[in-house]
Number of protein chains: 4
Amino acid sequence: MSPRTAEQNQSLRDESRAKIVAAALAQFSAHGYDRSSIKQIAAAAGVAQGLIYSHFASKEELLLAIFRQSVHDVRRSFTEAEAGDPARPPVVRIIEAAFSVLRGNLDFWRLSYGVRMQQPVLAALQAELPDWTAAIRERLRAALAEAGTEHPEIEAAILFATIDGVAQHYVLDPQHYPLEQVVASLIQRYKGASDGHSLG
Amino acid sequence: MSPRTAEQNQSLRDESRAKIVAAALAQFSAHGYDRSSIKQIAAAAGVAQGLIYSHFASKEELLLAIFRQSVHDVRRSFTEAEAGDPARPPVVRIIEAAFSVLRGNLDFWRLSYGVRMQQPVLAALQAELPDWTAAIRERLRAALAEAGTEHPEIEAAILFATIDGVAQHYVLDPQHYPLEQVVASLIQRYKGASDGHSLG
Amino acid sequence: MSPRTAEQNQSLRDESRAKIVAAALAQFSAHGYDRSSIKQIAAAAGVAQGLIYSHFASKEELLLAIFRQSVHDVRRSFTEAEAGDPARPPVVRIIEAAFSVLRGNLDFWRLSYGVRMQQPVLAALQAELPDWTAAIRERLRAALAEAGTEHPEIEAAILFATIDGVAQHYVLDPQHYPLEQVVASLIQRYKGASDGHSLG
Amino acid sequence: MSPRTAEQNQSLRDESRAKIVAAALAQFSAHGYDRSSIKQIAAAAGVAQGLIYSHFASKEELLLAIFRQSVHDVRRSFTEAEAGDPARPPVVRIIEAAFSVLRGNLDFWRLSYGVRMQQPVLAALQAELPDWTAAIRERLRAALAEAGTEHPEIEAAILFATIDGVAQHYVLDPQHYPLEQVVASLIQRYKGASDGHSLG
DNA sequence: GATGAATGAGATTTCATTCAT
DNA sequence: TATGAATGAAATCTCATTCAT
């Protein structure tokens with residue numbers, strides 16, 4: 001008869017929000033942003049349509065929230081993973097971190113790749129996404145430069161493209177893609193590079 | 001006004017169809033498939049909405065037709081480009097062909113990358129697309145095998161990923177991407193490989 | 001904490017109710033009935049949405065309650081004001097009462113005029129409102145008749161229309177409307193009438 | 001089999017538009033703007049909901065279009081009616097014109113009075129409506145000044161309020177309101193005024 | 001072959017109302 | 001008494017598609 005406490009309310013809201021975010025990420029990832037309806041998402045989350053709007057101002061805000069949260073998670077995982085074994089060369093640690101993060105967030109990457117080409121959908125992310133990719137590129141450049149690579153900027157662009165391409169091909173068909181071997185081969189190649197050998 | 005001959009009608013139809021396909025490709029590429037409306041496409045093509053349905057059974061069929069035609073064009077351009085200079089090693093010829101084809105079909109690639117993750121949109125292409133990518137992968141494998149690469153399958157997957165990644169990064173920002181240098185560096189690297197040197 | 005006594009509870013309830021009624025009147029007046037949401041009203045009143053439903057069965061009941069209370073208040077003010085100075089002729093006293101009441105209840109009049117044309121909103125008031133206006137009209141008729149006006153019913157209708165019209169124009173733009181002068185001129189006109197002079 | 005001619009299309013569109021406007025005016029007038037749904041309007045007009053949006057960008061645009069068209073019609077009728085019999089004094093001609101226009105556009109006036117208090121609904125009309133009422137007020141002022149009335153501005157405000165009030169009371173209950181007699185009495189009163197007699 | 005008016009299903013979003021606490 | 005999370009019906013609007021001409 002007394003009203004719920006603030007904590008009770010907060011945890012109710014948090015649960016709802018978590019269900020919504022999880023369902024939305026799954027739907028967006030599986031069908032793409034435009035093909036996922038609020039109705040579907042609500043059904044998948046087991047809540048009423050209206051509740052979504054008590055957490056997010058619009059469908060687009062929902063996407064942005066998921067994106068921001070995922071980017072945040074990924075960034076953190078990446079940093080952790082990168083720290084890894086200090087004995088291994090930095091480039092290798094970055095490569096390993098990238099694929100470790102990939103494996104743990106398949107849905108996010110699928111969504112991310114699905115939406116990356118749609119400029120209008122992501123108008124609101126335009127200011128945020130470049131930072132994110134630029135940060136990775138810069139890390140790669142620094143690591144390659146440190147290893148004495150000749151044109152670190154260009155080589156970083158190539159390595160970034162390779163990682164991105166592998167990630168995308170993997171995400172498209174995780175069952176059959178030989179990710180282990182591909183990553184192993186990549187590491188082998190760049191481990192050499194960091195010992196002073198040429199890449200090509 | 002005498003009635004038009006059958007040929008005249010046919011060529012009118014062909015013109016309409018060409019205008020529609022061109023407009024649709026441009027719209028799909030610029031805004032994505034779901035964000036492009038038949039009305040916009042018709043307006044951009046300078047025809048009535050209804051006419052689109054006299055050429056294509058549905059919006060999805062229009063997408064498929066564009067895809068099929070583009071894949072066909074690209075395949076042909078690729079083959080031509082690959083034939084290129086017989087003096088250069090096959091891997092290099094393939095790389096050069098890939099980027100030559102990329103530059104000539106920016107809109108197609110943008111569209112392609114934009115829908116690639118959306119399984120449902122492309123349900124009808126599921127049977128066709130894999131062939132297309134598999135064909136490229138196989139060509140790369142064969143070329144690498146011929147050059148004596150140790151694990152040609154894995155190395156082909158990596159090279160394919162690199163090409164795809166570079167292409168995608170380029171398509172996302174053609175103005176600023178250092179495509180020339182990236183391609184040159186790639187060619188340098190794989191030219192060496194085909195002379196028997198290691199890739200890593 | 002000892003349980004609250006019945007009186008304490010009652011006075012808490014009364015305070016809540018007063019806050020809700022005040023907030024609702026302000027919102028209805030400012031944005032119209034349909035454009036005011038329960039959420040807004042609750043926020044403006046500083047209470048939870050649910051509390052409104054513990055006082056009023058529905059949004060429409062809230063409107064009706066406000067209306068009834070306001071009509072009651074206005075009636076009382078009107079009677080008081082009308083009593084006024086017994087030396088002045090009755091018609092004049094009514095006119096003065098009307099505008100005195102107007103000035104003190106701007107929000108109520110704005111709401112009233114905003115809602116008057118919407119038959120369905122006021123279905124439940126249909127039985128009550130006519131009484132209210134009829135009462136005023138009758139008072140005017142009696143006063144005019146007493147002053148010897150020739151067609152008191154018709155003249156009452158005209159005077160009522162004038163008062164209503166002035167009130168409405170005033171409510172629409174209280175800053176700029178020359179209410180003082182208009183009322184003064186009206187009183188001047190009807191003071192003469194009650195001395196036996198013609199109105200026209 | 002040949003497409004419809006431009007005229008055929010135009011007349012189809014005009015018919016649809018007319019049906020929509022008529023239905024919308026009736027609904028808005030009967031239930032108020034906010035209580036009239038596009039679904040109801042479409043049903044009343046005998047067209048699909050979507051068609052309304054091929055004629056008007058939004059529900060609000062529909063309201064504005066109706067308003068603008070009605071104001072235009074009313075202005076014209078008013079000017080015609082006012083021209084009337086040059087033998088009668090200008091004030092009288094304006095009064096007669098006002099009520100003549102009122103009788104011919106009951107729905108418009110009901111709608112007009114219904115939305116007049118809702119500032120937000122009519123945000124887009126804010127720049128247009130004042131002109132319209134100011135024009136009438138000015139006409140009244142000029143006519144009264146010409147007749148030698150002492151404070152023509154204030155008297156014009158009163159006469160305008162009377163006309164508006166009568167119109168509104170009439171619109172609220174056209175069946176029972178004694179419009180004829182009220183108008184006759186008004187004319188009588190202001191005919192005298194224009195002969196130099198006092199109004200009060 | 002070509003037109004564009006018309007349809008209607010479905011999408012996003014709002015909001016009065018309920019109810020567990 | 002009071003809270004606010006949650007519901008779900010209904011509103012506005014979009015758009016692929018049809019069809020008379």
Side-chain angles (χ1 to χ4, degrees), chain A residues 1-6 8-13 15-17 34-40 42 47-60 62, chain B residues 3-4 8-13 15-16 34 36-42 47-55 57-60 62, chain C residues 3-4 8-10 12-13 15-16 34 36-42 47-60 62, chain D residues 1-6 8-13 15-17 34-40 42 47-60 62:
Chain A
M1 308 292 173
S2 35
R4 277 189 276 254
T5 65
Q8 280 173 317
N9 275 327
Q10 193 55 48
S11 83
L12 274 177
R13 270 189 81 75
E15 272 172 50
S16 299
R17 195 189 144 105
D34 285 304
R35 301 253 149 159
S36 304
S37 72
I38 290 291
K39 193 173 183 175
Q40 280 167 19
V47 303
Q49 292 187 53
L51 188 57
I52 294 181
Y53 289 89
S54 113
H55 286 273
F56 305 97
S58 66
K59 190 184 169 187
E60 197 170 336
L62 173 55
Chain B
R4 285 190 283 262
Q8 281 173 321
N9 269 335
Q10 189 54 46
S11 87
L12 281 176
R13 258 190 91 70
E15 272 173 49
S16 298
D34 286 302
S36 304
S37 72
I38 291 290
K39 193 174 183 171
Q40 278 167 19
I41 294 171
V47 303
Q49 295 183 55
L51 189 57
I52 295 182
Y53 288 86
S54 105
H55 285 275
S58 68
K59 190 183 172 187
E60 198 171 335
L62 173 56
Chain C
R4 285 189 282 264
Q8 281 174 322
N9 270 335
Q10 189 55 45
L12 280 177
R13 255 191 92 69
E15 272 173 49
S16 299
D34 286 302
S36 304
S37 71
I38 291 289
K39 193 172 183 173
Q40 279 166 19
I41 294 171
V47 303
Q49 297 184 53
L51 189 57
I52 294 183
Y53 287 87
S54 106
H55 286 274
F56 307 96
S58 67
K59 189 184 172 188
E60 197 170 336
L62 172 57
Chain D
M1 309 294 177
S2 35
R4 281 190 275 254
T5 65
Q8 281 173 317
N9 275 328
Q10 193 56 48
S11 82
L12 274 175
R13 269 189 82 76
E15 273 172 48
S16 299
R17 196 190 143 103
D34 286 305
R35 300 255 150 158
S36 304
S37 73
I38 290 290
K39 191 172 184 174
Q40 279 167 21
V47 302
Q49 294 186 52
L51 189 57
I52 295 182
Y53 289 89
S54 115
H55 286 273
F56 305 96
S58 66
K59 190 184 171 188
E60 196 170 336
L62 173 56

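Please read these numbers as outputs of a predicted model, since none were measured by experiment. First the proteins, then the strands, lettered A, B, ... as listed; each starts at 1.
- Here dT14(E) presents its C1' atom at 18 Å from CZ of Phe56(A), a figure rounded to the nearest Å.
- In this structure, Ile52(A) and Arg4(A) both approach DNA chain F, and ranking their closest nucleotides by distance from the 5' end singles out Arg4(A).
- The side chain of Ser16(C) places an N or O atom within less than 4.0 Å of a non-bridging phosphate oxygen (OP1 or OP2) of dA2(F).
- Helical stems in DNA chain E, defined as runs of 3 or more consecutive Watson-Crick or G-U wobble pairs with donor-acceptor distances under 3.5 Å: E:2-21 with F:2-21.
- For Gln49(B), the side chain to side chain contact (heavy atoms under 4.5 Å, CB included) partners at least two apart in sequence or on another chain are Ile38(B), Lys39(B), Ala42(B).
- When the side chain to side chain contact (heavy atoms under 4.5 Å, CB included) test is applied to Gln10(A), the partners found at least two apart in sequence or on another chain are Asp14(A).
- Between the CG atom of Leu62(C) and the C1' atom of dT17(E) there is a distance of 14 Å, rounded to whole Å.
- Here the C1' atom of nucleotide dC19(E) and the CG atom of Leu12(A) are 12 Å apart, to the nearest Å.
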Taking only N/O atoms, report every protein-nucleotides 12-15 of chain F pair under 3.5 Å with atom names and distance.
unit_1, atom_1, unit_2, atom_2, d
dT12(F), OP1, Lys59(D), NZ, 2.8
dT12(F), OP2, Ile38(D), N, 3.0
dC13(F), OP2, Tyr53(D), OH, 2.8
dC13(F), OP2, Lys59(D), N, 2.9
dC13(F), N4, Gln49(D), OE1, 3.2

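- Summary of the strand contacts: Gln8(A) and His55(B) both lie near DNA chain E, and taking for each the nucleotide with the nearest heavy atom, the more 5' one is attributed to His55(B).
- Side-chain atoms of Lys59(A) come within 3.5 Å of backbone atoms of Ser36(A) as a donor-acceptor pair (strictly under, hydrogens ignored).
- With the nearest nucleotide of DNA chain F identified for both Arg13(C) and Gln10(A), Arg13(C) has the one nearer the 5' end.
- Checking side-chain atoms of Glu15(B) against main-chain N and O of Leu12(B) turns up no donor-acceptor pair under 3.5 Å.
- For Ser54(A), the side-chain hydrogen bond (donor to acceptor under 3.5 Å, both in side chains) partners are Arg13(A), not counting sequence neighbours.
- With sequence neighbours left out, the side-chain hydrogen bond (donor to acceptor under 3.5 Å, both in side chains) criterion links Gln40(B) to no other residue.
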